[in-house]
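Working notes, structure below.
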There are 2 protein chains.
Amino acid sequence: MSMIQTMDADGGEPLSLHQRILSDISERILSGAWAPGHRIPFEHELTAEYKCSRMTVNKALSQLAKAGLIERRRRSGSFVRRPQSQAAVLEIHDIRIEVEALGLPYRYERVARHKRRSSAEDRTLLELDSNGPVLALECRHFAGKRPFAHEQRLINLAAVAEAANEEFFAVAPGPWLIARVPWSAAEHRIRAVAADRHIAAALDIEAGAPCLVVERRTWSAEHPVTHVRFTYAAESHTLVARFTPSQG
Amino acid sequence: MSMIQTMDADGGEPLSLHQRILSDISERILSGAWAPGHRIPFEHELTAEYKCSRMTVNKALSQLAKAGLIERRRRSGSFVRRPQSQAAVLEIHDIRIEVEALGLPYRYERVARHKRRSSAEDRTLLELDSNGPVLALECRHFAGKRPFAHEQRLINLAAVAEAANEEFFAVAPGPWLIARVPWSAAEHRIRAVAADRHIAAALDIEAGAPCLVVERRTWSAEHPVTHVRFTYAAESHTLVARFTPSQG
DNA sequence: GCCGAGGTTATGTATATACATATTGAAACG
DNA sequence: CGTTTCAATATGTATATACATAACCTCGGC
């Protein structure tokens, strides 16, 4: 939101030159005016078109390149890229937020908590090398009276020692961790499963009913922190992911 | 498989100053050395630390701000941001690619094709105003001998007129559209459902078996282009989404 | 003690300049 | 004719500089 005035008389809000170049070019690409493979004008041509310095044009083009809309080749110029794969941004909110967004009262329940040396399965899930101690948690999240999600979580105590002293009666492990541990990477796996008897009981649904499972593994500065599996009854939950080409 | 490349010590390739500043600062944030809320050094201090111009520092910090790692406030400085919600990048590939990545032969089959004025349901799915013509397609994608995915698609013929002349016997609508229509936005909905009789027959599974459904709506320059629903048998498919703090 | 005016400060944007680097196309050479 | 060399070119990165803008602080008037 910047305030340098553009010379154009068409009266929109004041855009910085930088942003004007960015949106002009994305426009032309996304509208199809410049098809994939098309060579977009050289920096010095855009410099003339927008009556600005090459630095400004360069910054805008570099940003488009980083966003994946164009590809730049030395000596040859810049070219509109062919889309290769759809990439969408999936926002994964705290469950409390999701429930409250539905207008329902949220309740959290800790079902079980065990501290133990990591089993082979724990080590697979967390991608741990050593058999250090882990904390295994089982929880339920309610929307109104109905169970909304079932949570199975492993916390690597070598990475988050203070979790050993927390009972997780009042606060859910998700928010507790977020407030304490800076995440640096995460991997999500999303799939459909049939509810086994344990999950069916926990979510108050029929065994064999379809469920959406979201698993997340989190690292902080190379150390595995936590693995969590959320299971939602099919009717209760839809994940939404959006893609819009970034404009900076 | 660490997803974080830290460039410690004298290590490998020469990094540009810009990138060195970027990764240094992300390091310190992600490792927790600089906690959320911490004020990171002023531009002029970093200028001194790295012995470079303010422009270089500014570019790096602006990028970190755009990536959401820090927040910049005029006159006050730059601060490490508290993570608000997990955002992950979900890559949605062409089905042929996914099948071939599994090492299985890919086959495509067009099941049905109807051209019609859009029904009320079509208009809801496509977010259309008028009752213009649409093309409704039903297809199957095979991995080896087994059905891998079932596809139900609507194409807005007002936006993609030439689709009316394409039979889609040889080429799947996904790649056909991608090659022709520049996408500008897309929305994905992901959920678990129980297979109805039709889907069960198409995927050769039991009715009631859990399936993963991915629906995608695509726009091009404000015009709805297509709505597609992919249904995968539970065992056949897992979506993977990654989050790594962007380093530019 | 309240409140507004104005200065200070850090960031935001833009310019002109310089040199590095990768790549291409053509000239020079064996 | 094929290969090497070299200059031209477009991008990549960095510098010094300038001025705009928002926000905070202090000071002074009442």
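A, B, ... follow the sequence lines: proteins, then strands. Residue 1 opens every chain. Note: hydrogens, waters and symmetry copies are ignored here, and every other heavy atom, side chains too, is used.
Across all their heavy atoms, B:H237 and A:R191 have their closest contact at O-CB, 3.9 Å.
At the heavy-atom level, A:L61 lies nowhere under 4.0 Å from the strands shown.
Atom NZ in B:K59 sits roughly 17 Å away from atom C1' in C:dT11 (whole-Å rounding). Remark: C1' of D:dG12 and CG of A:L64 are 16 Å apart, rounded to the nearest angstrom. When the C1' atom of C:dA10 is taken as reference, atom CG of B:L46 falls 12 Å away, rounded to whole Å. C:dA10 atom P lies 11 Å from atom CZ of B:F79, rounded to whole Å. One atom, CD1 of B:I40, and another, P of C:dT11, lie 8 Å apart when rounded to the nearest Å. Atom CZ in B:R54 sits about 7 Å away from atom P in C:dT11, given to the nearest Å. Look at CD on B:E45: it is 11 Å from C1' on C:dA10, rounded to the nearest Å. Whole-Å rounding puts the A:L15 CG to C:dT13 P distance at 11 Å.
Of the charged side-chain nitrogens involved, none lies within less than 4.0 Å of a carboxylate oxygen, so that B:R54 and B:E45 do not count as a salt-bridged pair. A salt bridge links B:R217 with B:E127: the closest approach of a Lys/Arg side-chain nitrogen to an acidic carboxylate oxygen falls below 4.0 angstrom.
Of the two residues near DNA chain C, B:N58 and B:F42, the one whose nearest nucleotide lies more 5' is B:F42. In terms of position along DNA chain D, the nucleotide closest to A:E43 lies nearer the 5' end than the nucleotide closest to the other residue of the pair B:S76 and A:E43. Between A:R72 and B:S53, the residue anchored closer to the 5' end of DNA chain D is A:R72, taking for each the nucleotide with the nearest heavy atom. Mapped onto DNA chain C by nearest heavy atom, A:R75 and A:M55 fall at different nucleotides, with A:M55 at the one closer to the 5' end.
Checked against the 6.0 Å centroid threshold, A:Y232 and A:F148 count as a close aromatic pair.
Residue A:T56 places at least one side-chain N or O under 4.0 Å from the OP1 or OP2 atom of C:dT15.
Of the possible polar contacts, none joining the B:R72 side chain to the B:G77 backbone as a donor-acceptor pair under 3.5 Å is found.
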